[in-house]
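Reading through the C-alpha cells given below for one structure.
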Amino acid sequence: MGEGDRKVLCSCYGEDYFKMKNLVSIFAGHDANISFWNAKTDKYYTIEIERLVKKRYFRLHEDNNHLAQRTILEECRDIAVREWGIENDYEAVLISSDGYIQTEPTAIFNTKSVKTVASHHQTHAASALYLSPFERALIVSYDGGGDDGHFNVYFGHEDGIKHLENIPSDFGGGYLLCGSLIREVAEQSRHQLALSGKLMGLCGYGEVIPDFVPFFKDFFFDRDYKKLAKETGLPLKNLDNPWDNPMDNWVFEGQEGYDIAATAQAGFEHAFFSVLDTYDADMPLIMTGGCSLNVLVNEKVKCLYNRPLYVPPQPHDGSLSLGHLFLYKRPTRQVDITYAGLPLLDRNKLQDYIDEYSAC
Ligand SMILES: [Fe+2]
C-alpha cells in the first residue's frame, strides 16, 4: 500500500482504519469456509475447508467433534501465517449466525472478541456486492434457506446494503426435491446437495410439459409436495416425508425423467422472473445465493434484460465467511479474490511425484 493510498483511506475511514488488527471469519455449515483479512496489506483470503479435508460439502459444525474442529481451525490459522503472512493477532473472530461451532475460537486466534454481525442472506449480498464492479445495484439472494429465509432482495449502495423484501419461498429446496424425482439424478448423486446440479444438466435432454409448468412454478413458492402431486396427477411417492431420504424419491427415468427435469426448470424460471419483474429493470443486477449456480436462469437474465449483471464466482455458501468480513469492515475498494484460495500445500513433494510417476 503506497502513501497515496494511505491518505485516501484516511480521508474516507479515519486513522482508526490503520489501528485495526487482522480479522478472521468462520462459516461452519455445509460448504464450510474461513476467510482472513490481513490488516497490513488490506488483502483478503478464503479457504473452502472441503478442499483441506477432501470431503465435498463438508460441514465443520456437524461432521466433527470439537477436537477435530479445533485441529482444522488451527491448520487454517497456520496456513494464514505461513502462506499469507497473517500473524496470529486478531481483532475478532466472526462466527456466522447460522453456522455455529462447538469449539472455543478465542484461544486459537489469540483474541478475546467473538462476534456475529449479520444474517445468512445479508452475508451473501455483501460478498457479492463488494466483489462486483458496481457501486449501486439491486441484489437478489436466493437459496435453500438460512436464518433469514430463502429469498431476499437488497439495494446495495455506496454506504451499505438496504434490505427491501423477504419472499416466502424455497427455490433451493424445491429444485433439489425435483432432482430427487429422477432415477438418473438420484442414483448418480452421492450427496443430496448434488441433486440440483445434475437436474440442471439433464434439462437439455427433455421437452417442457407446458400444462405442468404453473404447478412447478407454485411449488418453488409453497414447496407443497402433496399439492404438486395432486395438481399434476404425477405418481410422486413419499408424499408425507420426501425429505427423510430424497435419494429414495425417484419415480421417473429415461425420457420421462428428462421431460420432468425440463419442466421443473421452466417452472423455476417462471417463478424467479415473477419476482424479478416487480423491480426496476434499469438498475445493475447482482444475483447470489446457491440458486445463482443455476446458469440457465443467469443466461436468460443476461440475454433477455438489457442491464449490467454480476454473478460472483462462489454464490453458494462457500462465500459466507467473506461476506461477513465485508459487513464487519466495509472494503475500501472492489475486492478481487482470484487466486485467494488454498495454495498448493504439497508443492514441496513435486519432485517425489515426478519420480513416482516417471514424469520427467
Ligand atoms: Fe446460502
Side-chain angles (χ1 to χ4, degrees), residues 22 24-38 40-41 43-90 93 99 101-103 105 107-110 127 131 179 184-202 247 290 293 295 312-322 325 335-360:
N22 299 323
V24 58
S25 173
I26 302 165
F27 174 72
H30 66 73
D31 302 293
N33 47 95
I34 179 167
S35 292
F36 298 89
W37 177 66
N38 187 332
K40 283 185 181 169
T41 61
K43 286 188 175 175
Y44 297 86
Y45 302 89
T46 190
I47 297 174
E48 294 192 24
I49 296 175
E50 66 174 25
R51 294 169 189 251
L52 202 62
V53 301
K54 298 182 172 56
K55 290 182 183 172
R56 187 81 174 94
Y57 307 115
F58 182 75
R59 297 176 299 183
L60 185 62
H61 63 358
E62 293 196 8
D63 298 336
N64 314 279
N65 60 35
H66 71 281
L67 290 175
Q69 289 177 10
R70 182 180 183 86
T71 300
I72 291 168
L73 292 175
E74 286 175 342
E75 188 173 357
C76 290
R77 175 201 64 195
D78 294 345
I79 288 170
V81 173
R82 189 176 65 242
E83 304 289 341
W84 304 319
I86 304 176
E87 295 171 21
N88 187 18
D89 183 19
Y90 288 91
V93 182
I101 53 174
Q102 291 93 350
T103 197
I108 300 172
F109 293 104
N110 187 26
S127 179
L131 295 180
E184 289 86 338
V185 173
E187 289 190 344
Q188 294 299 319
S189 297
R190 283 178 286 181
H191 191 293
Q192 69 178 43
L193 291 176
L195 290 165
S196 300
K198 289 185 170 54
L199 175 67
M200 185 177 65
L202 210 55
M247 306 307 197
L293 292 170
V295 294
Q314 33 41 313
H316 66 312
D317 287 357
S319 64
L320 292 177
S321 62
L322 191 66
L325 271 186
V335 176
D336 180 4
I337 57 159
T338 313
Y339 307 121
L342 207 56
L344 289 173
L345 298 175
D346 60 350
R347 60 186 182 275
N348 294 337
K349 296 178 182 172
L350 180 60
Q351 190 59 51
D352 294 341
Y353 296 143
I354 291 172
D355 294 343
E356 183 179 346
Y357 295 101
S358 303
C360 57

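Any value given below was found using the heavy atoms of this structure, including those in side chains, with hydrogens, waters and symmetry copies removed. In what follows, residues are counted from 1 in the order of the sequence shown.
The closest side-chain heavy-atom distance from Ile101 to Leu73 is below 4.5 Å. Within the 4.5 Å cutoff, no side-chain heavy atoms of Phe27 are placed close to those of Leu322. Looking at Ser319 and Asn33, their side chains never come closer than 4.5 Å, going by heavy atoms from C-beta outward.
Of the possible polar contacts, one joining the Asn22 side chain to the Glu87 backbone as a donor-acceptor pair under 3.5 Å is found. The closest donor-acceptor contact from the side chain of Asn110 to the backbone of Asn88 lies under 3.5 Å. The closest donor-acceptor contact from the side chain of Asp31 to the backbone of Asp317 lies at 3.5 Å or more, if one exists at all. Not a single donor-acceptor pair under 3.5 Å links the side chain of Arg51 to the backbone N or O of Leu342. Proximity of a side-chain donor or acceptor of Gln102 to a complementary backbone N or O of His61 within less than 3.5 Å is detected.
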Please lay out, stage by stage, how Ile26 and Phe109 fare under the test side-chain contact (heavy atoms from CB on, under 4.5 Å).
-> CA-CA 12 Å; Ile26 302 165; Phe109 293 104; 4.1 Å; yes
Yes or no on side-chain contact (heavy atoms from CB on, under 4.5 Å) for Asp352 and Asp346, after CA distance, side-chain angles and deciding distance?
-> CA-CA 10 Å; Asp352 294 341; Asp346 60 350; over 6 Å; no
Assess whether side-chain contact (heavy atoms from CB on, under 4.5 Å) is satisfied between Leu52 and Phe58, documenting all intermediate values.
-> CA-CA 10 Å; Leu52 202 62; Phe58 182 75; over 6 Å; no
Worked check of side-chain contact (heavy atoms from CB on, under 4.5 Å) between Leu131 and Gln314 | CA-CA 10 Å; Leu131 295 180; Gln314 33 41 313; 3.8 Å; yes
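The neighbour count for Arg347 CZ, taken as heavy atoms of other residues, nucleotides or ligands under 6.0 Å away, is above 12. Crowding of His66 atom NE2: a count of heavy atoms from other residues, nucleotides or ligands under 6.0 Å not exceeding 12. More than 12 heavy atoms of other shown residues, nucleotides or ligands fall within 6.0 angstrom of atom CD in Glu83. More than 12 non-hydrogen atoms from other residues, nucleotides or ligands lie less than 6.0 angstrom from CZ of Arg59.
Distance check: Asp355 CG to Leu350 CG gives 9.5 Å after rounding to the nearest 0.5 Å. For the atom pair CD1 of Ile86 and CD1 of Ile79, the computed distance is 11.0 Å after rounding to the nearest 0.5 Å. To the nearest 0.5 angstrom, Lys43 atom NZ is 8.5 Å from Asn38 atom CG. Between atom CZ of residue Arg82 and atom CD of residue Glu75 there is a gap of 7.5 Å, rounded to the nearest 0.5 Å. Atom-to-atom distance recorded for Met200:CE and Leu202:CG is 11.5 Å, nearest 0.5 angstrom. Note that the CD1 atom of Ile49 and the CD1 atom of Ile72 stand 6.5 Å from one another [nearest 0.5 Å].
Considering His191, His30, His316 as possible partners of Tyr57, the one that fulfils the ring pair (Phe, Tyr, Trp, His ring centres under 6.0 Å) test is His191. For the side-chain hydrogen bond (donor to acceptor under 3.5 Å, both in side chains) test with Thr46, the passing option among Ser25, Ser127, Ser35 is Ser35; the others fail.
Between Ile34 and Cys76, the shortest heavy-atom distance links the atoms CG2-SG, 3.6 Å. Nearest heavy-atom pair across Ala68 and Asn65 is N-OD1, 2.8 Å. Here the closest heavy-atom approach between residue Thr338 and residue Asp336 is recorded as OG1-OD1, 2.5 Å. Scanning all heavy atoms of the two residues, the minimum distance from Phe36 to Val24 falls at CE2-CG2, 3.6 Å.
Below 30°, between 30° and 60°, or above 60°: for Tyr45 and Trp84 the angle between ring planes is below 30°, a parallel geometry.
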